Amino acid sequence: MASNAQATEIFRTIADLLDLLGEQFKPEAYRRAARSIESLTEDLGAVAARHELRSIPGVGEAIAEKIEEYLSTGSIGYYERLKREVPAGLVELMRLPGLGPKTARRFWVELGVEGPAELRDAIAAGRLVGVKGFGEKKIEQIRAALATAAAGPAASGRRPIEEVYPVAHELVTALRERTGADRVEVAGSFRRARETVGDLDILVTTQAPARAFEVFSAHPLVGQVKMRGDTKETVLLTDGLQVDLRVVQPEEFGAALQYFTGSKDHNVRLRSLARDRGLKVNEYGVFRGEGRVAGVTEEEVYASLGLAYIPPELREDRGEIEAAAKGTLPPLVVESDLHGDLHIHLSSAASAEELERLVEEARALRYSYLTVVVAGERLDGTPWSLPAPIRTRLEELSRPGLWLARGLETGPGPIPDELGGIPFDVRILRPTNGAPALDGGTPPWALLAHVGSSVAPDAAALARWVEAARSARAAIEVGPGAERLDSTAARQAREAGVTIHVPTGLGSPDAATVRHVALGFARRAGAVADAVANARADPPVSAGGTGGGPRRTSSPDRPRSRPATKRTP
DNA sequence: GCCGTTTTCGGCCCGACTGTTTTCAGTCG
């Protein structure tokens, strides 16, 4: 999806350039279009070929034309003109923390400064002293921002959600236990389960805000306090992640949680819907005139606008508001829907104790099946397998109530001779480059895994794999890490009717992170329990290869059946 | 520049915080 990413970046830059020219509403319009293009599940070229560019939210006549121009010529005349008009260095300046378009423009117009290097020189030469609006502190702040930018490129970019997850968990736990806060929730893109997180927004209700700030600032993860007001504190963690802590009143908590969860586009739509109904929504509640209509809970906020509750993962203005109004939102998969895992790896040196711990974990979660990969091919194509005693132990531990299936993980071709004698129940496909078509003669595939490890994640390759999974009736694995699908790709799989697999992380130290993040991605993709392979009561597996199939007696083997599935509450 | 279950024109979120101010501008989220 290289061209989508490039188009996104071009429109973002156009927005910045227009900002620098002092334009009022155009910049936001271009940013809106950029956000939509970024989250597209298919290539812009494909949308253009169907003449459906205008159906992309935020893309109207003018931007659609510019996309066409970009697709056919590789550049956009309007963009090139703007770049000639405004020095490129100004965009860098306005992207520095604490600086914005107004300030960058003033440097340009009043001081002739056209970029970071010139600004540094101007400050060193004392040219900012005495300029209206620039006191000692402001100048120092700019100097510091320039130094940080020069030291390393983008020390404060967005980071993967799985990296932030344990940190968020720790901070929330500490706030709950040590500050006397009543309610503590993380909002923002973290709560929406976006793949990347820019910062953390934590909301608390407490009678003693000052104490909450005090305790929070003293947490070992916190590096420095950036600012502290009456209701809000901003800190930087030792690893550079920014965390905002906001204190809100209990009667406002739902409204604040809704407001700070976003997304921006979702909230804009919500507010305009409210306006149409004579209501006003802000972070303090929903109001008719002076009277508060809602605010304690999010459910109440949505209900007051005539909407069903919208799960955070869907709040991106991609049609969820219309669906909530009509009552057609899907009941998204929840953690208690998961009945097992089709893809568990143990190391080739695994011990029986490791296997037993794994089984204990599965029992504790009331899972009814696990596929443990017992044999397969390494990335270099050489075969490996779990030691025979471990495979035997696996069979011994399998019983009605918890079926331990044996997984065989290979490329798409015939099973290599070396692995031919090893019995298995589930065949897991590890894609290799250039061979997307699954061999129809082999047993049905249960799972397409490690997709990102062997194919470039561009739209065309992804489309091939989704089609391969669809025709083989295999599930595709979703979750954190380069080897699994992100939520955008998962949405594409869903749209093609391909089921997805949510890894549970069982047996790994970061199991909770893997499971929650993967579930979040599945929910972002709009998956209901029926769309998740391991949310089915019986494993979506048929007897495979030389294996014997399910060795349990409690329920008959039902290949490819769609057993009754627990409903989302 | 986009958008419309009251609109094809006239809107487009708005409050907290900082720094430089004497009443406000800019940035951020």
Side-chain angles (χ1 to χ4, degrees), chain A residues 11 14-15 17-36 53-67 78 82 93-107 128-142 145 156 187-190 197-203 209 225-234 242-248 252 255-256 258-287 306 317 321-322 325-326:
Chain A
F11 287 127
I14 288 178
L17 293 168
L18 290 169
D19 249 339
L20 287 162
L21 290 170
E23 286 281 355
Q24 283 291 328
F25 296 104
K26 289 187 190 181
E28 227 11 75
Y30 277 99
R31 287 196 185 97
R32 172 87 215 280
R35 284 195 297 273
S36 283
L53 287 174
R54 297 281 302 268
S55 72
I56 300 171
V59 174
E61 190 181 348
I63 292 183
E65 269 177 29
K66 291 180 177 72
I67 294 173
Y78 179 65
L82 285 174
L93 282 185
M94 69 170 277
R95 287 178 179 177
L96 292 176
L99 289 190
K102 300 276 170 52
T103 312
R105 183 177 166 80
R106 281 193 61 195
F107 289 146
L128 252 65
V129 179
V131 177
K132 201 177 133 204
F134 292 94
E136 219 172 293
K137 279 188 174 176
K138 190 80 197 165
I139 295 175
E140 185 45 43
Q141 185 191 340
I142 295 168
S156 60
S189 53
F190 179 89
V197 173
D199 59 14
L200 283 177
D201 280 305
I202 305 180
L203 303 186
V225 176
K226 254 176 93 176
M227 58 165 237
R228 182 188 294 180
D230 293 334
T231 63
K232 177 187 171 187
E233 178 175 65
T234 298
Q242 179 171 314
V243 184
D244 294 340
L245 182 64
R246 297 169 197 273
V247 173
V248 306
E252 300 165 347
Q258 193 290 315
Y259 181 89
F260 287 111
T261 296
S263 70
K264 188 176 182 166
D265 292 330
H266 176 87
N267 284 357
V268 167
R269 284 292 311 279
L270 221 55
R271 279 189 293 268
S272 88
L273 189 76
R275 202 180 44 243
D276 294 346
R277 299 175 181 217
L279 298 166
K280 179 179 151 79
V281 184
N282 59 28
E283 67 252 60
Y284 302 110
V286 182
F287 299 89
D317 190 23
I321 292 175
E322 291 77 2
K326 283 187 278 183

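Computation of the quantities below employed the complete heavy-atom set of this structure, encompassing side-chain atoms and omitting hydrogens, waters and symmetry-equivalent molecules. In this text, all values refer to a predicted model and were calculated from it rather than measured experimentally. Order of the sequence lines sets the chain letters (A, B, ...), proteins ahead of strands, with each chain counted from 1.
Taking each heavy atom of A:Gly58 and A:Ala33 in turn, the nearest pair found is O-CB, 3.7 Å.
Residues satisfying the salt bridge (charged side-chain N to carboxylate O under 4.0 Å, His left out) criterion with A:Glu283, sequence neighbours excluded, are absent altogether. A search for side-chain contact (heavy atoms from CB on, under 4.5 Å) contacts involving A:Gln242 returns A:Asp199, A:Lys226, A:Thr234, A:Leu236, A:Asp244, not counting sequence neighbours. A search for ring pair (Phe, Tyr, Trp, His ring centres under 6.0 Å) contacts involving A:Phe190 returns A:Tyr165, not counting sequence neighbours. With sequence neighbours left out, A:Phe134 forms a ring pair (Phe, Tyr, Trp, His ring centres under 6.0 Å) with A:Phe107. Under the rule for a side chain to side chain donor-acceptor pair (under 3.5 Å), the partners of A:Asp317 that lie at least two apart in sequence or sit in another chain are A:Arg32, A:Arg269. Looking at residues two or more places apart in sequence or on another chain, you find a side-chain contact (heavy atoms from CB on, under 4.5 Å) between A:Ala104 and A:Leu20, A:Leu93, A:Met94.
Here B:dG4 sits opposite B:dC9 as a Watson-Crick or G-U wobble pair (both hydrogen-bonding atom distances under 3.5 Å).
A:Lys226 comes within 4.0 angstrom of nothing in the nucleic acid, heavy atoms only. In this structure, A:Thr231 reaches the sugar-phosphate backbone alone: every heavy-atom distance under 4.0 Å involves primed, P, OP1 or OP2 atoms, never a base.
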Atom pairs, protein N/O to nucleotides 2-6 of chain B N/O, distance under 3.5 Å:
{"unit_1": "B:dC2", "atom_1": "OP1", "unit_2": "A:Gly60", "atom_2": "N", "d": "2.7"}
{"unit_1": "B:dC2", "atom_1": "OP1", "unit_2": "A:Gly60", "atom_2": "O", "d": "3.4"}
{"unit_1": "B:dC2", "atom_1": "OP1", "unit_2": "A:Ile63", "atom_2": "N", "d": "3.1"}
{"unit_1": "B:dC2", "atom_1": "OP2", "unit_2": "A:Ala62", "atom_2": "N", "d": "3.3"}
{"unit_1": "B:dC3", "atom_1": "OP1", "unit_2": "A:Gly58", "atom_2": "N", "d": "2.8"}

request  = Quick one, give me the B/S/- string for nucleotides 20-29 of chain B, reading 5' to 3', where B means a protein heavy atom under 4.0 Å from the base and S means that only happens at the primed atoms, P, OP1 or OP2.
outcome  = SS----SSSB
Run the side-chain donor-acceptor check on residues 274-282 of chain A: report pairs under 3.5 Å with partners two or more places apart or on a different chain.
{"unit_1": "A:Arg277", "atom_1": "NH1", "unit_2": "A:Leu305", "atom_2": "O", "d": "2.7"}
{"unit_1": "A:Asn282", "atom_1": "OD1", "unit_2": "A:Tyr284", "atom_2": "N", "d": "2.8"}
{"unit_1": "A:Asn282", "atom_1": "OD1", "unit_2": "A:Gly285", "atom_2": "N", "d": "3.2"}

